[in-house]
Amino acid sequence: MNMAEPLDTCDLLCLDLLHAEEIRAAVPDGATVQVAAAAARGLGDGTRLSIAAALATGEELCVCDMAWVVGLSQGLVSHHLRQLKNASLVSSRRQGKLVMYRLTERGRQLTAAVLTGVAAVAEESPLSTSRRNVKSLGQHRNATGLGGIPAVGDRSPTAGQEPV
């Protein structure tokens with residue numbers, strides 16, 4: 001085998017015609033694939049996936065609530081919601097001066113499919129290990145009387161503070 005040739009091609013041109021035709025008949029048509037690809041692109045951005053995950057948990061949220069939940073500006077959240085809506089993953093309705101968003105059934109299914117199993121993988125990542133260590137440090141500070149300084153990611157009010 002010549003090392004200059006790509007490894008992802010066959011050395012021999014062959015075709016199992018019966019098997020290949022069976023598979024070819026089962027592959028969705030081009031229009032169906034394009035619609036599915038648009039939906040996948042809709043959740044292919046971390047911000048949009050975070051928004052979809054929040055909607056999966058919160059059922060229906062307005063843009064201002066969603067912006068607070070994901071920690072981004074209303075304008076940016078609105079932009080991403082528009083992209084999710086164009087991909088038919090969210091629907092919206094006007095309620096007075098508010099625009100309320102919710103996942104479509106398709107959006108709910110796709111979000112669940114993308115997020116299934118991700119939590120287990122994330123638990124093993126170096127970032128989650130660092131977060132656990134930081135949280136542990138915060139618990140240690142509180143146990144040793146060094147409280148009053150919240151750990152990174154700790155949004156709970158310290159003693160004497162009112163919740164925001």
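Just so you know, residue 1 is the first one in the sequence shown, and it goes up from there.
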Is there a donor-acceptor pair closer than 3.5 Å between any side-chain N or O of [X] and the backbone N or O of [Y]?
X: Ser78; Y: Gln74; value: no
X: Arg108; Y: Arg102; value: no
X: Ser92; Y: Met100; value: no

ILVMFWY cluster, Leu76 and Leu89 together (side-chain gap under 4.5 Å):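 Yes, Leu76 connects to Leu89 through the hydrophobic network.
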
Shared hydrophobic cluster for Val99 and Trp68 (ILVMFWY, side-chain gaps under 4.5 Å):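 Result: yes, single cluster for both.
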
Evaluation steps, side chain to side chain contact (heavy atoms under 4.5 Å, CB included), between Glu22 and Leu18: CA-CA 6 Å; Glu22 185 178 294; Leu18 292 175; over 6 Å; no

Heavy-atom closest contact ([X] atom, [Y] atom, distance):
X: Leu61; Y: Ala54; result: CD1-O, 4.2 Å
X: Leu110; Y: Ala39; result: CD2-O, 3.5 Å
X: Ala87; Y: Ala38; result: CB-O, 3.8 Å
X: Ala52; Y: Thr111; result: CB-OG1, 3.4 Å

CZ/Arg24: more than 12 non-hydrogen atoms of other groups inside 6.0 Å: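 Count not over threshold, so no.
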
Criterion side chain to side chain contact (heavy atoms under 4.5 Å, CB included) on Leu115 and Leu49, from CA distance to verdict: CA-CA 9 Å; Leu115 293 177; Leu49 186 55; 4.0 Å; yes

Heavy-atom side-chain proximity of [X] to [Y] below 4.5 angstrom:
X: Ile51; Y: Leu81; value: yes
X: Gln83; Y: Thr47; value: no
X: Leu84; Y: Leu43; value: yes

Stepwise side chain to side chain contact (heavy atoms under 4.5 Å, CB included) test for Leu55 and Met66: CA-CA 8 Å; Leu55 286 171; Met66 181 64 61; 3.4 Å; yes

Side chain to side chain contact (heavy atoms under 4.5 Å, CB included) evaluation trace for Val63 with Leu98: CA-CA 8 Å; Val63 176; Leu98 301 176; over 6 Å; no

Interatomic distance, Asp65 atom CG to Glu60 atom CD [nearest 0.5 angstrom]: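 Here the rounded value is 10.5 Å.
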
